[in-house]
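In what follows, a single structure is set out as structure tokens and then discussed.
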There are 2 protein chains.
Amino acid sequence: MTKKEKILYAALRLFANKGFADTSTAELAKAIGVAESTIFYHFGSKEDLLLEVLREVRREVLRHFEEHERVQAYSCGLEKVEGLLGFYLYLSGVMEDAFLLLHRHYPYMLARENEVCREQLEAIYNCFIELFEQAVALGRADGSVADVRQRKVAMVLFTMVDGLARFKTYNLYDAGALFDEMIASVRKILTQPLSPRTDV
Amino acid sequence: MTKKEKILYAALRLFANKGFADTSTAELAKAIGVAESTIFYHFGSKEDLLLEVLREVRREVLRHFEEHERVQAYSCGLEKVEGLLGFYLYLSGVMEDAFLLLHRHYPYMLARENEVCREQLEAIYNCFIELFEQAVALGRADGSVADVRQRKVAMVLFTMVDGLARFKTYNLYDAGALFDEMIASVRKILTQPLSPRTDV
DNA sequence: TTTGCTACTGAGTAATCACTCAGTAGCGTT
DNA sequence: AACGCTACTGAGTGATTACTCAGTAGCAAA
């Protein structure tokens, strides 16, 4: 691994676990045994380093989902939705640092004024929601999913699984124990038709 | 408002919006027109100030929920669950800074080594989940909620609404538009009985 | 051998950081 | 008038911050 790559991955680890402001370039350099100025030689500034880290996170996340899409076969749309939810949670463990970084506030603050940052974040989130929505659409087509509002349901599903992934990486409570319950809930959401009026 | 209170609320606002590490005591002092040393006179250190802020957030959040519990009447458990979810989202707007702070990573990092911090966070989250669980239990008793695993369902509900609140305060997408969909989903989760085997 | 280029570094720098401290203004009690 | 106390401050402190820059080692082409 080149020194540039070492810096990139160490930065991901430290920015994710300690936060951007709480990680000094001196500390980062010391952690991998390079001179502090090497960081600035390769990346220009600390903020540009973060942007490069986000770019790398985007590449990795999309690569993982494309790979999953390519190799994993599902018998119906409902099963695919459930599979994707599981894969999301699995990824949040495999790419723990990346998800930790995505659950921090700093990147979203930066995104407000920095177009490059905004671009990476949007690409990542669009990828997630698109995949969920496509799986729901597939389910509607093959009959495994009832009549639901595709886009909105996909976003609710994403909200659920991302919230769970966040609690998992924050160690707030056991995500594994909750996952089964979430899947059961998702099945109810997707198999029951749109708002069967229950009043009076 | 005393200078001490001014410092406390300005700290909440700045810690929530800029982050703990990114808010300097000099900036905080300047924002409210007091000497920087006044902060240390009242709170001792920057970290102790954060702990005091979290204590205040805890007091406010619990007060709001107790008030809501006291004045709001619901005709059945299911309706109460839905009401609580709406109230949670409403609160995340009214107490935006507090929720922003609770959605940051720093307090949870601090909680690992600081008992006082851990205590405040646990009190807040326990309050939420307890209320949701009680409402679910009420629903089971009055028949508006089907046979479900109370605790786990309550946690899934909390995961959903907290995720939505987070996206709302991060301005990722329109929470209002998603809320109706979430309520519809919650109704499906709570009114359909436990896992009716759908295989083959 | 000279030249040019990339990768990298140690020694800086000004600015900012959290925090300290001696001192004071105001006010109630004796 | 003297005292004691609380609230508050301005002027510091040494440490740390992101970043700069002149210089060097190594290697490839001329």
Side-chain angles (χ1 to χ4, degrees), chain A residues 1-56 101 104-114 116-117, chain B residues 1-56 101 104-114 116-117:
Chain A
M1 217 195 305
T2 64
K3 287 193 178 183
K4 189 176 178 180
E5 288 171 330
K6 276 189 188 176
I7 293 169
L8 198 66
Y9 291 115
L12 167 59
R13 204 184 69 242
L14 289 174
F15 289 168
N17 287 282
K18 299 193 41 171
F20 182 70
D22 269 318
T23 302
S24 72
T25 49
E27 183 189 359
L28 175 57
K30 202 176 171 187
I32 40 182
V34 300
E36 194 180 349
S37 42
T38 306
I39 297 170
F40 295 94
Y41 169 71
H42 282 297
F43 298 98
S45 74
K46 195 185 165 190
E47 187 173 303
D48 284 339
L49 170 57
L50 173 62
L51 292 178
E52 214 51 58
V53 166
L54 285 173
R55 228 188 291 264
E56 176 61 17
L101 189 63
R104 284 191 166 272
H105 200 179
Y106 193 86
Y108 305 93
M109 296 297 293
L110 185 59
R112 288 186 193 172
E113 59 186 31
N114 185 303
V116 178
C117 180
Chain B
M1 216 197 300
T2 64
K3 287 193 177 181
K4 188 176 178 179
E5 289 171 330
K6 276 188 186 174
I7 293 170
L8 198 65
Y9 292 115
L12 167 59
R13 205 184 69 242
L14 289 174
F15 290 166
N17 288 281
K18 299 192 44 173
F20 182 70
D22 269 318
T23 303
S24 71
T25 49
E27 183 189 359
L28 175 57
K30 201 176 172 187
I32 41 182
V34 300
E36 195 180 347
S37 42
T38 307
I39 296 170
F40 295 94
Y41 170 72
H42 283 298
F43 298 98
S45 73
K46 196 185 167 190
E47 187 173 303
D48 284 340
L49 170 58
L50 173 63
L51 291 177
E52 214 52 59
V53 166
L54 286 174
R55 230 188 291 265
E56 176 61 18
L101 189 62
R104 284 192 167 272
H105 199 178
Y106 193 84
Y108 304 92
M109 295 295 294
L110 184 58
R112 288 187 193 173
E113 58 187 35
N114 185 303
V116 177
C117 180

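Quick caveat, the model's predicted, so the values are computed rather than measured.
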Rounded off to whole Å, could you give me the NZ-to-C1' distance for the B/K46 and C/dT20 pair?
17 Å
Expressed in angstrom and rounded to an integer, what is the separation of A/L28 atom CG from D/dT17 atom C1'?
14 Å
Nearest listed nucleotide, side chain of A/S45, among D/dC19, D/dA7, D/dT20
D/dC19
Would you mind reporting whether A/F43 and A/L8 have side-chain heavy atoms less than 4.5 Å apart?
yes
Counting side-chain heavy atoms from C-beta on, which of C/dT9, D/dT9, D/dT20 comes nearest to A/F40?
D/dT20
Which atom names give the shortest non-hydrogen contact between B/V53 and B/A11, and what distance separates them?
CG2-CB, 3.9 Å
For C/dC8 and A/Y41 - does any side-chain N or O of the residue sit under 4.0 Å from the phosphate oxygens OP1/OP2?
no
Taking the six-membered ring of B/Y41 as reference, does the NZ or CZ atom of B/K3 fall below 6.0 Å from its centre and within a 45° cone about the axis?
no
Between B/H42 and D/dC8, does any side-chain N or O lie under 4.0 Å from OP1 or OP2?
yes
Base, sugar-phosphate alone, or nothing: which one does A/T2 contact when heavy atoms must sit under 4.0 Å apart?
nothing
Gap between atoms CD and C1', on A/E27 and D/dT16 respectively (whole Å):
12 Å
Quick one: label B/S24 by what it contacts on the DNA or RNA (base, sugar-phosphate, nothing), any heavy atom closer than 4.0 Å.
sugar-phosphate
B/K30 NZ to C/dA18 C1', in whole Å, measures 18 Å
Determine the contact category for B/S37: base if any of its heavy atoms lies under 4.0 Å from a base atom, sugar-phosphate if only primed atoms, P, OP1 or OP2 are that close, otherwise nothing.
base
A/I32 has an atom CD1; how far is it from atom C1' of C/dC8, in whole Å?
13 Å
Take atom CG of B/D48 and atom C1' of C/dA18, then tell me their distance rounded to the nearest Å.
13 Å
Looking at A/Y106, does the NZ or CZ of B/K18 lie under 6.0 angstrom from its six-membered ring centre and within 45 degrees of the ring axis?
no
When the nearest nucleotide of DNA chain D is assigned to B/K3 and to B/E36 on a heavy-atom basis, which residue is associated with the more 5' position?
B/K3
Nearest-Å distance, CZ (A/F43) to P (C/dT9)?
13 Å
Rounded distance in Å - CG (B/L50) to C1' (C/dC19)
17 Å
Min side-chain heavy-atom separation A/H42-A/T38 under 4.5 Å:
yes
